[in-house]
Structures are given as structure tokens and as C-alpha cells.
Amino acid sequence: MNKYLKNLNRIEFVVTMACSGRCRHCSQGEHKCNDKIDKDLSSDAVRKIAQIYNIQSVMTFGGEPLLCPETVFAIHKTAKEMNIPERQLITNGYFSKDSDRIKLIAEKLSECGVNDILLSVDAFHQETIPLTYVKAFGENVKNTGVRIRVHPAWLVSHSDNNEYNIRTRELLREFSEMGIVASEGNVIFPSGNALEHLSEYFDLNKPVENPYSEDPSDIKAICFSANGDILGSNIYRQDIGEILSSYYPEGR
Ligand code: SF4
């Protein structure tokens, strides 16, 4: 076991950079590339990593991960086989307008072992994502019994009364009436589109710590990019086992 990864307990996948939304707060920018991670390489990575490290959670997100549902299914099915307890999906809920397909995907997520779905709903997502299909997906997931929560992005803070947060609270009420509660959500970090389109809401003179940054000498979570990049290497050119064992934090 690599000593710099001894506390590794979480694996995340950006399944694809393609997205059905065009959010003005998106930390990933304009989504000009459509990279998607290979289904077999990614599920194989889950198996190999979980054989060595005490992985407690696997999370899939994007872009919009349900534009590549087979990859999401394969990753979580493997996570379930490896007894990884938390199997999480973050989705904007908009991947199809076909009610049969929406129902089918919801049922397959349940079958493959996803047990926590975070649905991105807020003033920003709903500027470009039609609520009808998101609600249909939410309703279908609820019927499967899989835990689902709305996961909003807040501007400035959870309690700030800017126009976006007011609209977000209205949307959360609609989901609450459907029986879908909200998670704490997250506060928008000034990067990507948010920095470009919402800069007046940030004090750019104040240093802001990226909430997703990791101590490179004690990594607890690793995140695969949609192009296969991971820990300074790439799963298309090097086996994940070798990548983990040869990892060395830069600057040490
Ligand atoms: S915030 Fe999420 S849904 Fe919106 S563009 Fe970015 S990845 Fe897509």
C-alpha cells in the first residue's frame, strides 16, 4: 500500500464532460469537450482499488453522468460487489424526454446498487434544464425506494437573500411537496463560469480555499477525469494498480 494513500476511502468519477445543462455557475466552464470515461476501465479500477484500500464510498457525476448510463451502472454494480457501502450519484435529472426511458433508468440505478442520489436543482440549473423531466425522474426514483435528495447550489451562503437563493428556495418547496427533501447543498466556489458570470457576488480580494482540494501527501479521495486522468497519470496508458503504487506527491 502506498503510504501517501493509506487513508484513501473514496473514489469519484467524472463520467462524462458532456452535459444537458448550460449553467452560469458551472465550475467546469462551458463544457466544450465531450470526453467520457471507458466503462470497463472505470469499473475495473473500482475493483482493483477496493482490493487494496478501505473504500467507503464511490461517487459518479459529470457533466451529466446519465448521458452515459451504462458506465454509471457498471461502476456502481462493481462497487456493490466489492461491498463499498456508499454508492452515490449526482445528476441534474435531465437526460431524456421519454417517460419510459426515464422510468427504466431509475429502475436500473436501483438494480445496480446506487443508494444515494443527489439531484441538482436550483435557480441556476433551472435556467436551462426543464423541471418537468427532472421531476419525472425524481418521482420514478422515489418509487424504487432509493434515497433521493435535492442538492442545491447556494450563492454567497445558504442564508443570503439574493434573487437566486430566493428562487432556489421556491424550487425546493416544490420538491418537498413531492416528498423529496433537500441536502445542505453547496456554496458556489468562484471558478469556471461562476467566476465569469457571477463575479460581483464574490470578494475576489479575499483568498478562498477550494473545498475540494486534497493534501497531496495524505489523499483521502481520488477523482478520475472523464479523459482517464488520475493522480498525474492516465488509466488509458497505465494500469490503475501501478498508478497507485507509484504515486508520489509533487514537491516532496
Ligand atoms: S453545473 Fe452541472 S448541470 Fe450545470 S452545466 Fe455544470 S455539470 Fe452541467
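Whatever order the structure lists them in is the order used to number ligands and atoms, beginning at 1. Note: hydrogens, waters and symmetry copies are ignored here, and every other heavy atom, side chains too, is used.
More than 12 non-hydrogen atoms from other residues, nucleotides or ligands lie less than 6.0 angstrom from NZ of Lys6. Annotation for Glu184: atom CD does not count as buried by contact number, only 12 or fewer foreign heavy atoms lying within 6.0 Å.
Residue contact check for ligand 1: Gly63 places a non-hydrogen atom closer than 4.0 Å to it.
Atom 6 (Fe) of ligand 1 lies at 2.8 Å or more from every N, O or S atom belonging to Cys23.
Less than 4.0 angstrom separates some heavy atom of Gly21 from each of these atoms of ligand 1: 5 (S). Atoms of ligand 1 lying under 4.0 Å from at least one heavy atom of Cys19, given by number and element, are 3 (S), 5 (S), 7 (S), 8 (Fe). The contact set between ligand 1 and His25, taken as ligand atoms under 4.0 Å from a residue heavy atom, comprises 1 (S).
Given atom 6 (Fe) of ligand 1, the protein heavy atom at minimum distance is Cys26 SG, 2.3 Å.
A side-chain contact (heavy atoms from CB on, under 4.5 Å) with His151 is found for exactly one of Asn186, Val121, Leu119, namely Asn186.
Contacts between Glu64 and ligand 1 below 4.0 angstrom, taking non-hydrogen atoms only, are absent altogether.
Residue His125 holds the heavy atom nearest to atom 1 (S) of ligand 1 of all those in Arg24, Arg22, His125.
Ring centroid separation for the pair Tyr164 and Phe124 comes in under the 6.0 Å cut-off.
The pair Arg173-Glu170 fails the salt-bridge criterion, with no side-chain N (NZ, NE, NH1 or NH2) lying under 4.0 Å from an Asp/Glu carboxylate O.
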Discussion item. As a quick check of understanding, evaluate ring pair (Phe, Tyr, Trp, His ring centres under 6.0 Å) for Phe137 and Tyr94, giving each step before the final call.
Written reply: CA-CA 8 Å; Phe137 175 67; Tyr94 179 44; over 10 Å; no
